[in-house]
Amino acid sequence: MKIRFGVVLAAIFTPLTAQTQDSRATIDAIPQIAVTGRGDVKVSPDRATIQMSVQTRAATVAAAAAENATKQQSVLGTLRALGLGNDQLSTINYNVYPEQRYDQGKEPVIVAYNVTNTILVDVRKLDQVGPVIDAALSHGANVITSLQFYASNTESARRNAIATAIEKARADAEAAARAAHGSLGTLLEINIGAYSPPSPRPMMTVRAAAVAQADTPINPGEETLFVEVSTRWRFIAGQ
């Protein structure tokens, strides 16, 4: 029974493969215009990620690490008090390095140790970005490496970009057909390219000493996403 079933499958699929190849050859033989269109859509970010660090310095590794741990615990505690969950707070780097003094003709001497603990904060409400930064800086964080805004749901905007890209491709194909003294026929093929999300906009490093006492203002602005679509259209030659 198994052998008979395999023979039946071969009999069914072989003609389908041949038909597909014949269909493709037929399409390729048709006079065509190939055009690529790009659709751009503005999106408003609704979330942000912040990289912030606690940096400490002491004569010994143990002292620097202990001070760092105390301050970082204070930072995490105040962020949790603002409503941020553990899934929004993650450690992304922990670094310990010696600070050395170099005197001519002598071996380097370690004068202190520096400890840096960096966390990534995922802020899901934009009105919390400023308070999160202010709270962290007031409880021990002293370096903010980056602030990046992003949109959490871009599917609708992506589909609008696809529609815009196809409209632009059609307009270019019609212009090409007219220039070639013909007209544009039916759409033969569409290939949707990779989605290109808005590029992150990193914020310059900010240190606690440079932060004013006033509330930190935040303006995410708008970002652009784009999609490229490749199309092929039937070309009808003029008389």
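A quick note: this is a predicted structure, and the numbers were derived from the prediction, not measured. Start at 1 with the first residue, then count along the sequence.
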CG on Asn191 to CD on Glu228, rounded to 0.5 Å:
12.0 Å

Could you go step by step and tell me if Asp40 and Leu225 meet the side chain to side chain contact (heavy atoms under 4.5 Å, CB included) rule?
CA-CA 6 Å; Asp40 302 306; Leu225 65 81; over 6 Å; no

Just to verify, what does Glu99 make a side-chain hydrogen bond (donor to acceptor under 3.5 Å, both in side chains) with, not counting sequence neighbours?
Arg57, Asn114

Side chain of Glu223, backbone of Ser44: donor and acceptor closer than 3.5 Å?
no

Check the hydrophobic clustering (I, L, V, M, F, W, Y; side-chain heavy atoms under 4.5 Å; chains of links allowed) and say if Tyr94 and Met52 are grouped together.
no

Qualifying salt bridge (charged side-chain N to carboxylate O under 4.0 Å, His left out) pairs, either residue in residues 168-187, two or more places apart
none

Please assess Asn142 against Leu137 for the test side chain to side chain contact (heavy atoms under 4.5 Å, CB included), listing each intermediate value before the final yes or no.
CA-CA 6 Å; Asn142 48 13; Leu137 292 177; 5.8 Å; no

Who pairs with Thr164 by side-chain hydrogen bond (donor to acceptor under 3.5 Å, both in side chains), at least two apart in sequence or on another chain?
none

I'd like to know if the side chain of Thr231 and the backbone of Val35 have a donor-acceptor N/O pair within less than 3.5 Å.
yes

For Gln88, does its backbone N or O pair with a side-chain atom of Asn86 as donor and acceptor, under 3.5 Å?
no

Kindly write out the residues that satisfy side-chain hydrogen bond (donor to acceptor under 3.5 Å, both in side chains) with Arg159, not counting sequence neighbours, or none if the list is empty.
none

Mind listing the closest non-hydrogen atom pair of Ala34 and Arg232 along with its distance?
CB-CG, 4.2 Å

Tightest non-hydrogen contact, residues Val115 and Asn68, listed as O-ND2, 3.0 Å

Can you measure from OG (Ser230) to CZ (Arg38) and round to the nearest 0.5 angstrom?
13.0 Å

Please assess Ser53 against Thr145 for the test side chain to side chain contact (heavy atoms under 4.5 Å, CB included), listing each intermediate value before the final yes or no.
CA-CA 8 Å; Ser53 305; Thr145 309; 4.1 Å; yes

Point-to-point distance, once rounded to the nearest 0.5 Å, from CG of Leu147 to OG1 of Thr49
7.5 Å

Sorted by first residue and then second, give each salt bridge (charged side-chain N to carboxylate O under 4.0 Å, His left out) pair with at least one member in residues 136-150; sequence neighbours left out.
none

Once you round to the nearest 0.5 Å, how far does OG1 of Thr118 lie from CD1 of Ile144?
11.5 Å

Quick check: is Ile92 connected to Val54 through a chain of hydrophobic side chains (ILVMFWY, heavy atoms under 4.5 Å apart)?
no

Close side-chain approach of Leu76 to Leu89, heavy-atom, < 4.5 Å
yes

Strictly distance-based, threshold 3.5 Å: is any side-chain N or O of Thr56 a donor or acceptor partner for the main-chain N or O of Ala64?
yes

Backbone N or O of Val75 within a donor-acceptor pair of the Thr78 side chain at under 3.5 Å?
no

Got a sec, which residues hit side-chain contact (heavy atoms from CB on, under 4.5 Å) with Thr186, two or more places apart in sequence or on another chain?
Leu188, Arg234

Residue pairs meeting salt bridge (charged side-chain N to carboxylate O under 4.0 Å, His left out), one or both in residues 74-97, sequence neighbours left out, come to Asp87-Arg124

Path from Ile133 to Leu120 over hydrophobic side-chain contacts below 4.5 Å
no

Qualifying residues under side-chain contact (heavy atoms from CB on, under 4.5 Å), relative to Ser74, sequence neighbours excluded:
His139

Counting only N and O atoms by type, is there a donor-acceptor contact under 3.5 Å from the side chain of Thr154 to the main-chain atoms of Ala157?
no

Could you report the tightest heavy-atom contact between Gly182 and Phe235, atom names first, then the distance?
CA-CE1, 3.7 Å

Take Ile119 and Leu79, measure what side chain to side chain contact (heavy atoms under 4.5 Å, CB included) needs, and give me the verdict at the end.
CA-CA 11 Å; Ile119 61 173; Leu79 295 182; 4.1 Å; yes

Anything under 3.5 Å between a donor and an acceptor, one on a side chain of residues 103-111, the other on a protein residue two or more places apart or in another chain? List them.
unit_1: Asp103; atom_1: OD2; unit_2: Arg101; atom_2: NE; d: 3.3

Taking every heavy atom of Ala173 against every heavy atom of Ile33, the minimum-distance pair comes out as O-CD1, 3.7 Å

By side-chain hydrogen bond (donor to acceptor under 3.5 Å, both in side chains) - contacts of Tyr150 (at least two apart)
Asp122

So the salt bridge (charged side-chain N to carboxylate O under 4.0 Å, His left out) pairs with at least one residue in residues 42-55 (sequence neighbours excluded) are none

Can you tell if the side chain of Ile50 reaches within under 4.5 Å of the side chain of Gln148, non-hydrogen atoms only?
no

For Leu82 and Pro131, the nearest pair of non-hydrogen atoms, with its separation, is CD1-O, 3.9 Å

Looking only at heavy atoms, what is the nearest atom pair of Val227 and Ala165, with distance?
O-CB, 3.8 Å

Tell me, please, which residues at least two apart from Ser183 pass side-chain contact (heavy atoms from CB on, under 4.5 Å).
Ile236

To the closest 0.5 Å, what do you measure between OG1 (Thr224) and CD (Glu222)?
8.0 Å

